[in-house]
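Just follow the structure's listing: the first ligand is 1, and inside any ligand the first atom is 1. Values in this document were obtained by computation on a predicted structure and should not be read as measured data.
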Amino acid sequence: MSLNKLLKATLSAAALFAVAGTAAHAEEWKFAHEESPGDVQDLYAQEFKRLVEEKTSGDVTVTIYTYGQLGTENDITELTAAGAIQFSNASPGHLGTFVPEIQVFGVPYLLSQDNDVNKKVLSGSPTIYDGLGKDFESKSLKLYTMYPEGEMVWTTKKEVMKPDDFDGVKFRVMTSPILIETYKSFGSDPVALPWGEVYSGLQTNVIDAQVNPIFFIESAKFYEVTDYLIYAGQQQYTTTVVSNADFYAGLSDDRKAMLADVKAELDDFIYDAQTKANEAALGRIKEAKPDIKVIRLSDEQRAAFKDASKGIGASLVDEVGGDTQEVLDALRKEFGTAM
Ligand code: 6CS
């Protein structure tokens, strides 16, 4: 659906009135995310809503839109940049054609295996908030926060232990170009799709495999149409929360300080929430489908995929240019994953 049609179809006259800032009483902030009710992004948005409404004594109300209510992942980024909504999740996996520089988070093996390190970097690194933040601002977006949603696990219909096993496997990835290259380098035939098309794609064999954190594999029911869950250690799912840049710039200093407090509280909240969500989901998947095979690749097996994809950082630098090499080097140092 085009953005215009989508806007007409989904934003009621009353909502547009509020967006224009002419509402008489409580100010409404619209927050769209990319997942279903109860998923990690929804947990974040619900807690954001609770804290903002509490801290503004109800002067601000936050309305949450879940996946599909305002369109796909790419649609909600455009709506935020256009100022039709104030906040949204914009995950690097889907942001590559809009803010190409953020694809550094698509480069495999970037994050640490230690979430305390990831938390420190993703919550406050100047490389992210000052450096990449400028790339967001050039697209009318203010980068508010960044957090991980869990290790990304391959779901496949055959055993994959080495890159050759991916031969002929149609592998669904998110819509950022770097992911296509990464999964080609791993040996598969990648296909970029919004997630709403993944279940039926797996069911009808249009695709054979995909990758996501366990909580999402359960909630989107991808495990029903897969035989293997493979932990290869290549990546964590990361997401950003962005706001419209003009909206943020127009906020009072008090409101900006309130948002900074909310961010700090949510930095702690979301790490626990996503860990619990992933642990509980794996248990439920095994219960619902006892014959699903869970494979954790050994260090040696993981090294073969790492080796196959070692040129991905360099191809991103070639494609995106600018200071991508410096950003990648700085982040690898901060995450402690420099090679
Ligand atoms: O695979 C995807 O496209 C989706 N996965 C997650 C964990 N969140 C939203 C995203 O669009």
Under a plain distance cut-off of 3.5 Å, with no hydrogens placed, do Asp323 and Gln325 share a side-chain donor-acceptor pair? no
Strictly under 4.0 Å, does any heavy atom of Ser91 approach an atom of ligand 1? no
Numbered in order shown, the ligand 1 atoms found under 4.0 Å of a heavy atom of Glu73 are 3 (O), 11 (O)
Is there a donor-acceptor pair closer than 3.5 Å between any side-chain N or O of Asn278 and the backbone N or O of Gln274? yes
Could you identify the single nearest non-hydrogen protein atom to atom 5 (N) of ligand 1 and state the distance to 0.1 Å? Asn212 OD1, 2.9 Å
Restricting to heavy atoms, the pick from Glu34, Gln41, Gln210, Arg172 nearest atom 1 (O) of ligand 1 would be Arg172
How about Asn74 and Glu78: does a side-chain donor come under 3.5 Å of a side-chain acceptor? no
May I ask you to identify the nearest protein heavy atom to atom 10 (C) of ligand 1, giving residue, atom name and distance to one decimal place in Å? Tyr237 OH, 3.2 Å
Less than 4.0 Å between a side-chain N and a carboxylate O, is that true for Glu265 and Lys55? yes
How close does the nearest protein non-hydrogen atom get to atom 8 (N) of ligand 1, and which residue and atom is it? Glu35 OE2, 2.6 Å
Check: Phe87 ring centre within less than 6.0 Å of Phe48 ring centre: yes
